[in-house]
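Right, one structure below, let's go through it.
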Number of protein chains: 2
Amino acid sequence: MRAAQHTRAGARGTRPMAFTYEHPRPALAVDCVVFGLGERTLELLLVERDLEPFAGRWALPGGFVRVDESIDAAARRELLEEAGVSPDVLEQLRAFGDVGRDPRERVVSIAHWALVRGERHRPRAATDARAARWFPLDARPPLAFDHDAIVAAAVERLRVEVRWRPVGFDLLPEVFSLTELQRLYEMVLGRPLDKRNFRKKVLAMELLEDTGRLDEGVRHRPPRLYRFDRAAYERLSREGFAFRLE
Amino acid sequence: MRAAQHTRAGARGTRPMAFTYEHPRPALAVDCVVFGLGERTLELLLVERDLEPFAGRWALPGGFVRVDESIDAAARRELLEEAGVSPDVLEQLRAFGDVGRDPRERVVSIAHWALVRGERHRPRAATDARAARWFPLDARPPLAFDHDAIVAAAVERLRVEVRWRPVGFDLLPEVFSLTELQRLYEMVLGRPLDKRNFRKKVLAMELLEDTGRLDEGVRHRPPRLYRFDRAAYERLSREGFAFRLE
DNA sequence: GCAAAAGTGTTGAAGGTACACCCATGT
DNA sequence: ACATGGGTGTACCTTCAACACTTTTGC
């Protein structure tokens with residue numbers, strides 16, 4: 001049956017062409033490192049595996065790429081199926097393809113990283129997963145397969161991205177205080193930032209719109225709430241402006 | 001036969017496990033964007049395809065990943081087999097996996113970028129290729145498949161890498177003049193650089209060793225020849241130094 | 001001596017870092 | 001009134017960009 005499928009695919013061109021190659025092929029998967037924002041930690045979305053290998057172990061959400069869907073579509077589908085989330089930002093990280101990384105057989109996984117606004121996404125487990133939940137990034141259990149290495153690479157990538165592209169805003173609620181933004185940067189970069197300098201730089205970019213609203217219901221002076229002005233960002237980008245924060 | 005192979009692979013674990021998935025799988029390939037340095041241009045290594053589809057068209061060297069080799073090993077093997085080159089730097093770019101990118105069937109390609117020192121590598125054609133040769137990057141023929149998009153992504157990546165990591169030196173001969181280095185940066189970045197400022201910055205990093213030799217046999221004042229001090233770079237990196245040029 | 005590229009410093013502007021106190025609110 | 005985090009400006013230093021002429025060699 002599988003062989004028959006391949007033969008059909010091989011005959012799809014305008015004239016008969018040989019099947020692309022004769023050898024057994026690696027399986028192709030996607031895995032997603034999904035970041036969210038907790039109270040005072042960066043969080044990571046994990047699923048508890050229901051099947052061997054590594055049944056009962058926590059792992060990155062992911063699965064196999066279908067023959068008729070793009071790689072990114074596969075990543076989004078698996079995230080929705082396995083964990084019930086659909087991120088705003090989802091990009092490729094890189095392929096992980098060591099020969100022994102899956103004990104069943106050769107599986108090459110194209111790792112992705114994604115950001116979701118924590119509040120909107122109550123994860124729910126589904127296909128192949130007993131459970132799905134958030135863990136603080138640095139209080140996560142040891143992961144199945146080579147997923148610890150994938151997470152490490154994704155964290156490194158996030159640290160770079162957040163400084164050069166306005167992706168941090170995709171972790172925050174639509175409206176946020178400058179302190180929340182600064183805390184996000186401190187969590188991601190793993191070091192404290194100077195309050196005055198941080199605010200100066202952020203505001204100097206003129207990408208934050210002051211909503212005029214205050215965050216009441218807090219037991220101290222209520223902070224101003226800002227909104228990231230994506231339209232302004234895209235306009236400025238076209239004019240050669242380069243985002244840079246810390 | 002192919003199905004039998006898969007079944008064997010599925011039974012390889014410590015206890016019987018189901019085959020990872022039942023569906024037809026995408027084929028997995030690698031493609032390599034290999035940069036070299038010409039007299040006054042950046043050059044790109046291309047192969048002329050011998051087989052359909054796109055027979056007679058120029059394309060990136062590449063091919064299918066074997067089930068028992070890592071992705072990078074596949075890229076190096078294909079480069080050696082198809083074009084007879086073996087680069088010093090070879091890194092993943094990203095996967096290209098649009099459903100229609102190969103007319104035969106679904107093929108996901110993991111693109112790589114690589115740097116070789118031009119002189120050392122006379123390309124020679126082999127497997128599946130009628131010819132292999134260097135083209136000036138911006139005088140290249142239109143490429144097969146989606147390879148033009150892959151090249152564009154690789155150039156963009158190279159532009160970033162060269163500013164933040166000392167990869168440029170892997171395009172130059174072991175010993176080079178500051179003018180050669182500057183010309184390389186100008187080619188990659190696509191803009192002229194100020195001679196005095198460039199030299200000031202390069203030398204301030206203290207990563208170039210003055211060989212004391214001069215490049216004779218040139219019809220003007222002979223330039224000093226420098227060597228990139230990789231050991232010093234690695235020592236400084238461990239101490240937190242960050243390479244940055246332009 | 002002429003052509004060709006090598007080599008060399010200074011100045012002004014901008015941006016980065018360090019740093020401490022008062023303010024508005026809830027309890 | 002006190003606890004909690006919100007909000008603000010300046011001075012110094014480093015870094016970056018702009019800029020032109022003299023030197024050495026081959027022919």
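Protein chains get the first letters and strands the later ones, always in sequence-line order, with residue 1 at the start of each. Computed over heavy atoms, backbone and side chain alike; hydrogens, waters and symmetry mates excluded.
- One finds a salt bridge joining A:R117 and A:D88 here, because a Lys/Arg side-chain nitrogen approaches an Asp/Glu carboxylate oxygen to under 4.0 Å.
- Within residues 205-224 of chain B, the residues having any heavy atom under 4.0 Å from DNA chain D are, by residue number, B:V218, B:R219, B:H220, B:R221, B:P222.
- Between B:D31 and B:S109, the side chains place a donor N or O and an acceptor N or O closer than 3.5 Å (distance only, hydrogens not considered).
- One atom, CZ of B:F198, and another, P of D:dA18, lie 16 Å apart when rounded to the nearest Å.
- For residues 174-196 of chain B, proximity to DNA chain D is found at B:D194, B:R196, defined as any non-hydrogen atom under 4.0 angstrom from a strand atom.
- Every residue two or more places apart in sequence or in another chain was checked for a side-chain hydrogen bond (donor to acceptor under 3.5 Å, both in side chains) with B:R199, and none qualifies.
- For A:R165 and A:E91, the salt-bridge test passes: some basic side-chain N is under 4.0 Å from an acidic carboxylate O.
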When the side chains of residues 236-246 of chain A are checked against the rest of the protein, which donor-acceptor pairs come out under 3.5 Å, sequence neighbours left out?
unit_1: A:S237; atom_1: OG; unit_2: A:Y233; atom_2: O; d: 2.9
unit_1: A:R244; atom_1: NH2; unit_2: A:E246; atom_2: O; d: 3.4
unit_1: A:E246; atom_1: OE2; unit_2: A:K201; atom_2: NZ; d: 3.1

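- For A:W164 and B:W164, the ring centers are positioned less than 6.0 Å apart.
- With salt bridges taken as basic N to acidic carboxylate O contacts below 4.0 Å, none links A:E48 and A:R57.
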Check the interface with nucleotides 10-15 of chain D: list each N/O to N/O pair with the protein under 3.5 Å, or write none.
unit_1: D:dT10; atom_1: O4; unit_2: A:K200; atom_2: NZ; d: 2.9

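- Bracketed by its first and final contacts, the part of DNA chain C lying under 4.0 Å from non-hydrogen atoms of chain B reaches from C:dA4 to C:dT10 in 5' to 3' order.
- The local environment of CD in A:E209 is crowded, with over 12 non-hydrogen atoms from other residues, nucleotides or ligands closer than 6.0 Å.
- By the 6.0 Å contact criterion, CZ on A:R157 is enclosed, its count of non-hydrogen atoms from other residues, nucleotides or ligands being greater than 12.
- Ring centroid separation for the pair A:F176 and A:F169 comes in under the 6.0 Å cut-off.
- Between A:D170 and A:R230 there is a salt bridge, since a side-chain N of the basic residue sits under 4.0 Å from a carboxylate O of the acidic one.
- Between A:E174 and A:R227 there is a salt bridge, since a side-chain N of the basic residue sits under 4.0 Å from a carboxylate O of the acidic one.
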